[in-house]
Amino acid sequence: MIGRDLLCIDDLTREEIGTILETAEHMREVAARDVKKVPTLRGRTIVNLFFEASTRTATSFEIAGKRLSADVVNFSTRSSSLSKAESILDTARTIDAMDPDAVVVRHNVAGVPKRIADVLEVPVINAGDGAHAHPTQALLDLFTVQKEKGRIDGLTVAIVGDIAHSRVARSNIAGFQKMGAEVRVAAPPTMIPAGVEALGVKAYPSVREALDGVDVVMMLRIQLERFAGALFPSIREYSATFGLDREKLRYARDDAIVMHPGPVNRGVELSHDLADRRPSVILDQVRNGVALRMAVLYLFSGRPPGQSALDGNSGGD
Ligand code: NCD
């Protein structure tokens, strides 16, 4: 994977996803150490280019880079329209001229990371573009399920919420299917993308049917800032029908886990109680996200041949 871009899950084979998850498992050990740092990417520079607000993803890429001893530079700015595409490419070229070893990009317009990747020599990692893709979120979700269930193949996963506008949903549908899981989606009709069945998922108009016998329930955030009032009659009604609480969770398997990429609208898509306690694994997703992003930075931005991922116990600077 060295030198390649990671723009969407389809860039990866099933075997490569397996390698990323295995590497993430090793990376998790680093977080348990006294000195949470390995010299793997020492002397390398990673630029985080965030054109859209982010808490978890930006922080987690930054911590991941630093734990690998890379020099991490964060560049965040707001840019809300494609008309700014030219200046985005200028920014990308400027950053390229500073010889980074990898560039992590988030933008609210689908396709921007690809355009940047087209002009940059170094690997570009997509940290979320519009409603298109969020591959490292899907990978950290796969990693979390693998750790919880010991496998992904043969499981059934229900994704509930605004599927149509969710890059998390798209990438997770692709990722879980590639790894052998069955994926279902549930949402009001306005939130189910046209032609979703062509992706190989079954769409359900009710949570009850969608959750029947599933191993994993993945809740999505209602993007209140964009869609409130437009896609469903009221938040109260949405919450009553598609919000998850322990009552509705009973339709899933007894040992089902609940996931959410964050940030959670408590009391809307997820009850307060479920947001905080098992079987929800929301903070495990965050924790696993750091290890997973360490694995991605390591595998894509390269290292000298023969050097192991965890060479040395501490080091760095
Ligand atoms: C998601 C995102 O930004 O795509 N969050 C995340 O990366 N953890 C989901 C969301 O904002 O709803």
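The first residue of the sequence shown is numbered 1, and numbering continues consecutively from there. Counting starts at 1 for both ligands and their atoms, in listed order. What you see is a predicted model, and the numbers here were worked out from it, not measured in a lab.
- Under a cut-off of 6.0 angstrom, the local environment of CZ in Arg56 is crowded, with over 12 non-hydrogen atoms contributed by other residues, nucleotides or ligands.
- In this pair, Phe75 and Phe51 present their aromatic rings perpendicular. The plane angle is above 60°, beyond the 30 to 60° band.
- Electrostatic pairing of Arg266 and Asp276 counts as a salt bridge here, judged by a charged N lying under 4.0 Å from a carboxylate O.
- Figure legend: cation-pi geometry between Lys248 and Tyr251 absent, as NZ or CZ is not positioned both under 6.0 Å from the six-membered ring centre and within 45° of its axis.
- Taking the side chain as every heavy atom from C-beta outward, Ser60 and Thr57 never approach each other to under 4.5 Å.
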Per-pair distances, ligand 1 N/O vs protein N/O, less than 3.5 Å:
unit_1	atom_1	unit_2	atom_2	d
ligand 1	3 (O)	Arg106	NH1	3.2
ligand 1	3 (O)	Arg106	NH2	3.3
ligand 1	3 (O)	Arg167	NH2	2.9
ligand 1	4 (O)	Arg167	NE	2.7
ligand 1	4 (O)	Arg167	NH2	3.2
ligand 1	5 (N)	Gly262	O	3.0
ligand 1	7 (O)	Thr57	OG1	3.0
ligand 1	7 (O)	Arg106	NH2	3.1
ligand 1	7 (O)	His134	NE2	2.8
ligand 1	8 (N)	Pro261	O	3.0
ligand 1	8 (N)	Gly262	O	3.4
ligand 1	11 (O)	Arg221	NE	3.2
ligand 1	11 (O)	Arg221	NH2	3.3
ligand 1	12 (O)	Arg221	NE	2.7

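- Using a 4.5 Å heavy-atom cutoff, the side chains of Arg4 and Glu16 are in contact.
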